[in-house]
Every structure is written in C-alpha cells, then in structure tokens.
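Here is the naming used below: chain letters follow the sequence lines, and residue numbers restart at 1 for every chain.
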2 protein chains.
Amino acid sequence: MATKEPKNQPDGEKRYARASSYDVAHAAGVAQSTVSRCFKEDSNISESTRARVLKIAAELGYTPNSLARSLITQRSNMVGVICSEFTLCNNPELVNAISSALKQANISMLLMIVENESAIETTLPEALAYPLDGLISCVFMDEEQIQLFVKRRVPIVFFNRNIRSKGTDCILTDQAEGSAQMASRLHAAGHRRILCVGGPIDAPEDSVSRARLKGFIEAIDKLGGVDITCIHAGYTYENGRDQFLSYFADSALPEAIFCVNDQLALGVMDACRYTCNLSIPDAVSVAGFDNVSDAGRPVYNLTTIHQQIVPMATRAVDLILRRIAQPELPEETVTIRGILIARTSA
Amino acid sequence: MATKEPKNQPDGEKRYARASSYDVAHAAGVAQSTVSRCFKEDSNISESTRARVLKIAAELGYTPNSLARSLITQRSNMVGVICSEFTLCNNPELVNAISSALKQANISMLLMIVENESAIETTLPEALAYPLDGLISCVFMDEEQIQLFVKRRVPIVFFNRNIRSKGTDCILTDQAEGSAQMASRLHAAGHRRILCVGGPIDAPEDSVSRARLKGFIEAIDKLGGVDITCIHAGYTYENGRDQFLSYFADSALPEAIFCVNDQLALGVMDACRYTCNLSIPDAVSVAGFDNVSDAGRPVYNLTTIHQQIVPMATRAVDLILRRIAQPELPEETVTIRGILIARTSA
DNA sequence: TTGTAAGCGTTATCAT
DNA sequence: ATGATAACGCTTACAA
C-alpha cells in the first residue's frame, strides 16, 4: 500500500494488456506523475528523464489512455457526427470533408448513422452517453432533443439544417440563392414551362428541399412569364425516376426540370432517356442541386449547384471549437454560397 | 469531506454542466452507488427507489458517463474503423454496413479516414490512444503496426484485406473465385481477346487487385484459347478512363475488358463511349468487380461481381465480439462468395 | 436493499 | 525537477 508498486498489477502477471503510466513509472524508477509529465509539451521535466521514460514507454507500448485523460481534463477530444444513410451513401464526400476537418483539429470522430432524417431517436442515447466535445448534426433535431445537449454544454453545429436554437450554430449552403441562380439560368435559356421536383410533400417548412423549392419559385416568379408545376418525390434516384414517369404519363413534357437535389435529377434524367426516349437537353433540360460526384460524369453532365462542402466542413469544426472556448457567444448562422456548375444537361 | 456532498460541486454553482451520479444521489437522498445500480439491469434494487432515482436522473438530464464506465469495466464499447478516402467515397455502402452491424451490437464507431491505403501511419496514434474494444481495418497494416494492437489485446479484423497475423482475423470476398466466375462468363460469351485493367503496377502481391487479376488469369488460362493483355492503372474512375485511352491509342480493341473494380470499369466504359465512340457491349464488353450502386444504373448496366457487403460487415463484427470474449481462439479467415450480376455491359 | 470504500488511468496541485 | 496526493465519474466488492 505504501509502496510504489503499481496497484493494477499485483503479481508478476498482468491483469490487463495495455500498459499504464504506473507500469512505465515502475520500470523507469520514477513516479507516475513524472511519466505523465513526459507526455506533455512544455512541462517542467529534464530532457534526460523525459528521454529515458519515453524510451521505456515505447518498449512497453505505452500511450496515455485518452479515456482516463478525458475524465480529468473534461475534454474528450471526440466530436459526434450524426448523418443519415442517405447522406452517407449519396454524398460520402460530405462525411469525408467533416472527417478531414476534424482530423486537422486533432479531434476524433464518433460517427453515428441513422436510417433516415427522423430516426435520430435511435442514436440519441449513444450520443448522450459520451461526454462529447461537440456534435455535428446533418439531420434535424427538435427542440427537446437539442436541449439534452445544450443542458450538458455540448455545442451543436447543424450542417445544412436550418435550425436556430439557443446555444447552437449552423452552417448552411444558401439554398435560396443557389436555387435563384439556377432559376436565372433556366429563364435565360428561354425555358417558360418548368417542372419542379421537390422533396417529400410533407417535408417541414424549414427543410432543405423546401428552401430550395421556395427559392427557385420566388426567383422564377420575379423573372416572370414562367409556368411552373411542382411534383413531390422523396430524395432518392428512384423517387425522381418514378415520380417523373408517373407525372409524364398524363402530362405534357416541360421545357426544363429543376430537381431539388442531384439524386432526383439523375433519376429523372434516366427516366427521360431510358424509359421515355427523350434526349437531354434537346427534348428537355434537367438541373439539380449538390454537385455530387456522379453529376460530373459524362453520362450525366448535370447542370447543378455545387455545395462547397470542404469549406463548410472546416467552418463547422471552427464553430465547434469556438463555442467550446466561449460557450456564451451569440449563436451564429454561417451561410455559404452555392456555385452554379453549368454542364450540358441544361 | 466526511459528508455526502458531491465533491465536484463545492458551492451552489456547478463547475461542470453534465450531471454526475453524485448529483443525482444528492438530489435523491441516496448513495452514489445506488444511482449506479439503478442504471444496471438485474441489480438488486427495489423498484420504488429505482423509479424515484430514474425520475430525478431524467430531470437532471443524467446518463452514466461512458468514459468513466469504460475506465472501470475495461470495455470502451467503441470499435475503431479505418478506411481509405477511396473506399469511403466510392463504396459508402461498406461503411454504412459496418456502422449498422456495430449499432446492432450496441457498439460505437470511431471512424478514421486515411488519405490512401498506405497512409495509415497518420491515424495510428489516434487509434492507439483509445482503449478500443476492437479495430476493423479496411486498409493494409504491416506486421509492426499490427503488433501495436495485438500487444494491447485489441482484436483486429481485416475487411477485404488478406492479412494473416497472430491474433487477428479477416473477412474476405473470395476474389479469385469471383474473378473466375467472370472469366467463365466472358469465355462462354465467346470472347477470346481480353484486356485486363488491373490495379497499380506496384500493388503488393496480396492486394485485392492482384488477387482478382490473378484469379481471373488463372481461370481464363484453364479455359484456354484466350489472348490476354494486362494494363495497370490505379483504382479510380479517372485511372480507368485514362489508362484505357492511352492503351487504345496504339493497340487494337479487345473483345472484352475485365476491370478489377467497378470504378475502373465505369471509367473505361465512359472512355469507350464518350471518347472513342464505341458502343457497349456491341463493340466491346466491359466487366467490373464490387457492384457499387452506380453499376446498376441504366447508364452503365455493368456486369460485375457483387460483394456481399452486409453479411461481411455482420460477420466482421461477430469476429470482433468473438475474439473479445475468447482472445486465444485460433485465427479465422472467413471467405464469402461474390455473386455474378449479369447486366448488359458484357 | 442499501451504504462505504476501493480502484480504473489519467492530470493537476501541492510540497519538497 | 520530481514525488505525493487528490480528483474525474463510474462499477463493484464488502459491510451493514
């Protein structure tokens, strides 16, 4: 009890495989706190002992245990990222961008995938169990869910979800402005009968799809003289394809089709070309939003609005770090412009 | 000191936002250990106190801190997943499958993305810092790197990386057999001049691309009478496209092209159709391997070998759990068959 | 059924 | 420059 024997290693045999700072201290003949100091920059420690201790640590394969550190420092160095299966599978670059921004800041990513936009409940306990340094949510959360994190002082940044709540920030592509750019382009190209393929009919007022649709329609109305029709699908390729087909079954072909995301647009394009034998853009123009990687392939060449995912991810991480440092700062909503990528589909 | 006052809450003001079991205990007038018991199934606790404590916990927004729990239980309930940017971006379903298999087992996923197959060094410190319950690696690791984890008793499962090492398991698509299926099909279709688009020329002997290439060539040789040429690209769409173009610039068109992955195949297809004006499969057949989601779109309709990602992911998690429970079990290499998906490209 | 106390592996605050 | 020692928030004997 009064000795320096590591407590977790009563006999010669080790109970646990991972070496602890006690093991290193024991082997190096120093105090455990000395070992700890050796792994910290600018700590008062002589270069000679540091060198010796680090050498022994390497031999024993010792690295400070992040979990134990977190407990005392009150910082886990982990940020949770919640996103939907759809986002992961159709826009993996987004997750990649967030991952690399976090890596830049030396923060680990606890990734939680939810089945769909409204299934966040299933992962809430997981997100709450850890003392996360922050949460980046690419899905909607209601006020009650948000409060669970706010109460625990876990900063939330909403990624492309326009949610304003006390103590949370958000980063958004300027949906309305992006859609307006597309509206101008289609209008300038002379299109006067336009079909809009929106998200689900029951999408909430503040959803991405609604924002894009609304922005598009308002811009078109301002330009004037355009006949607009809207149909509503989900978000997927198949939704776009099927909804267009059932629309086109008993309606005239529009001159242009604006889809609120690229997946819908790709579905519509394929429906046009492979089912209806319509050539694009000769028979009809198609435009999307997001600029997913497929959109740039020659098979689609989709005219779309590019979301600047990389700067958005960087900014999202900045917002988290900022709020960790200064929790009481006023809420911020950062808006980043979309960039019109003119290809041949429209 | 002798009182039951929560130590972390000296005055009325709270230093930390997250409620601890002490806070709950204090509010409920019970011991801290009682609170702990309330959150554990089948523990000797009266239903009445449990109900009361849980109610108060909910009010305070208390959930047991996973980190602190891990420290004492020696189980972090976190599994690290390492994969390359390429895999994430070109086969996001893989990450999704792993994520959902882990979720099923109530394990959190620490996702680490590395720039490329050989950049794992950059994320090693992160993976080692946490006492992970296991590691699923979708990238290569050398023996020295593996040992770092083995030493810490962290089970590793290699996902589609054929690495045999003491104490580690792996789960693989049967590359050779899948390639052989494709070889049979192309042969049966009457193709006698076949171009293979392999991975990088310097890919290691035990790499996925080599295994597929080797399996294909051996099977073709067995069938006989086929003239085979190999070219080497990287792994990407652009690699496939560019390498095919530079090959075709001064060589005759083969009857069929087998690419060691779908991305290469998609690149080759687009090069054929959009640059060389060759129709597929009339002028040339193209086949791939993986069955990524794009392959099924009518724009490609790629004949390919489907990797059974979902069962593979489930099995990978099983292997981890198995080895956590019984670390000394013999190493296992699970092989799962690929399924030929015959579409119109070949 | 409940409370007391030890310990998980760290960092941080004191002494020395 | 280094060593004791007290947290961090839990789980788990052991006592009562």
Side-chain angles (χ1 to χ4, degrees), chain A residues 1-10 14-26 28-53 57 62-77 129-131 152, chain B residues 1-10 14-26 28-50 52-53 57 60 62-77 129-131 152:
Chain A
M1 194 66 107
T3 90
K4 283 173 198 170
E5 285 298 318
K7 304 183 188 171
N8 58 352
Q9 184 179 346
K14 312 196 69 173
R15 261 186 74 201
Y16 306 120
R18 196 187 168 101
S20 78
S21 52
Y22 275 100
D23 300 323
V24 178
H26 185 69
V30 297
Q32 178 271 333
S33 56
T34 301
V35 175
S36 175
R37 270 190 280 262
C38 291
F39 281 87
K40 191 185 169 182
E41 308 264 345
D42 353 291
S43 55
N44 289 329
I45 194 95
S46 77
E47 271 317 310
S48 64
T49 46
R50 164 173 272 152
R52 189 163 46 88
V53 168
Y62 169 79
T63 326
N65 183 331
S66 270
L67 258 45
R69 170 182 288 162
S70 300
L71 209 51
I72 188 71
T73 60
Q74 301 290 319
R75 286 279 257 105
S76 65
N77 260 294
Y130 294 94
R152 291 165 158 84
Chain B
M1 193 65 107
T3 90
K4 285 173 197 170
E5 285 299 317
K7 305 184 189 170
N8 59 352
Q9 183 178 346
K14 313 195 69 173
R15 261 186 74 202
Y16 306 121
R18 195 187 167 101
S20 78
S21 53
Y22 275 99
D23 299 324
V24 178
H26 185 69
V30 297
Q32 178 270 332
S33 56
T34 301
V35 174
S36 176
R37 273 189 280 260
C38 291
F39 280 88
K40 192 186 169 184
E41 307 264 344
D42 353 292
S43 57
N44 288 329
I45 193 96
S46 78
E47 271 317 310
S48 63
T49 47
R50 165 172 272 153
R52 189 163 46 90
V53 168
L60 271 70
Y62 168 79
T63 327
N65 183 333
S66 271
L67 258 47
R69 170 182 287 163
S70 302
L71 209 52
I72 188 72
T73 59
Q74 300 291 317
R75 287 279 257 105
S76 65
N77 260 296
Y130 293 94
R152 284 156 214 240

What integer distance in Å separates Y22(B):OH from dT11(D):P? 12 Å
Do any side-chain nitrogens or oxygens of K40(A) fall under 4.0 Å of OP1 or OP2 in dT10(C)? no
Under 3.5 Å, side chain of S20(A) to main-chain N/O of Y22(A), donor-acceptor pair present? yes
Remember a base hit wins even if backbone is also touched, and classify S36(B) as base, sugar-phosphate or nothing at under 4.0 Å, heavy atoms. base
What is the distance from CG of N65(B) to C1' of dC8(D), rounded to the nearest Å? 9 Å
Heavy-atom nearest pair, R152(B) first then T63(A), reads NH1-OG1, 2.9 Å
Taking the minimum atom-to-atom distance to the side chain of R69(B), which one of dC10(D), dG9(C), dT10(C) wins? dC10(D)
When the distance from CG of N44(B) to C1' of dA16(D) is rounded to whole Å, what number comes out? 15 Å
Return the value, rounded to whole Å, for the distance between atom NE2 of H26(A) and atom P of dT10(C). 16 Å
Under 4.0 Å between any heavy atoms, over every strand shown, what does Y62(A) touch: base, sugar-phosphate, or nothing? Just pick one. sugar-phosphate
Starting at CG of L67(A) and ending at P of dT11(D), how long is that distance when rounded to a whole Å? 13 Å
Partners of Y62(B) by ring pair (Phe, Tyr, Trp, His ring centres under 6.0 Å), sequence neighbours excluded? F39(B)
Is there a side-chain contact between T34(B) and the phosphate of dG3(C), meaning an N or O under 4.0 Å from OP1 or OP2? yes
Could you tell me the separation between the CD1 atom of I72(A) and the P atom of dT11(C), rounded to a whole number of Å? 9 Å
Classify the nucleic acid contact of S46(B) as base, sugar-phosphate or nothing, counting any heavy atom under 4.0 Å across all strands shown. sugar-phosphate
Give a yes or no on whether the backbone of P131(B) and the side-chain of S76(B) come within a donor-acceptor separation of less than 3.5 Å. yes
side-chain contact (heavy atoms from CB on, under 4.5 Å), that's the test. Do C38(B) and V35(B) meet it? Break it down for me. CA-CA 5 Å; C38(B) 291; V35(B) 174; 5.6 Å; no
Hey, does the side-chain of S33(B) have a donor or acceptor N/O within less than 3.5 Å of a partner on the base of dT4(C)? yes
Is a side-chain donor-acceptor pair under 3.5 Å present for R37(B) with T49(B)? no
Which is true for S48(B) with a 4.0 Å heavy-atom rule: it touches a base, it touches only sugar-phosphate, or it touches nothing? nothing
Picking from dG3(D), dC10(D), dT2(D), the nucleotide nearest the side-chain atoms of I45(A) would be dT2(D)
Nucleotide dC14(D), atom C1' - distance to CZ of R37(B) in whole Å: 11 Å
In degrees, rounded to 10°, what is the bend between the two ends of the helix from dT1(C)-dA16(D) to dT16(C)-dA1(D), using five pairs at each? 40°
For T34(A), side-chain hydrogen bond (donor to acceptor under 3.5 Å, both in side chains) partners two or more places apart: none
From the candidates dG3(D), dG3(C), dT11(D), the one with an atom nearest any side-chain atom of A31(B) is dG3(C)
Please state whether the phosphate of dT11(D), meaning OP1 or OP2, lies under 4.0 angstrom from any side-chain nitrogen or oxygen of T73(B). no
Considering every strand and a 4.0 Å limit on heavy-atom distances, what is the contact class for S43(B): base, sugar-phosphate, or nothing? nothing
side-chain contact (heavy atoms from CB on, under 4.5 Å) evaluation trace for V30(A) with R52(A): CA-CA 10 Å; V30(A) 297; R52(A) 189 163 46 88; 4.0 Å; yes
Identify, between Q32(B) and L71(B), the residue whose nearest nucleotide on DNA chain C lies closer to the 5' end. Q32(B)
What's the CZ-P distance between R75(A) and dA12(C), to the nearest Å? 12 Å
For T49(A), answer base if it contacts any base atom (sugar-phosphate contacts may also be present), sugar-phosphate if it contacts only those atoms, and nothing otherwise; contact means non-hydrogen atoms under 4.0 Å. sugar-phosphate
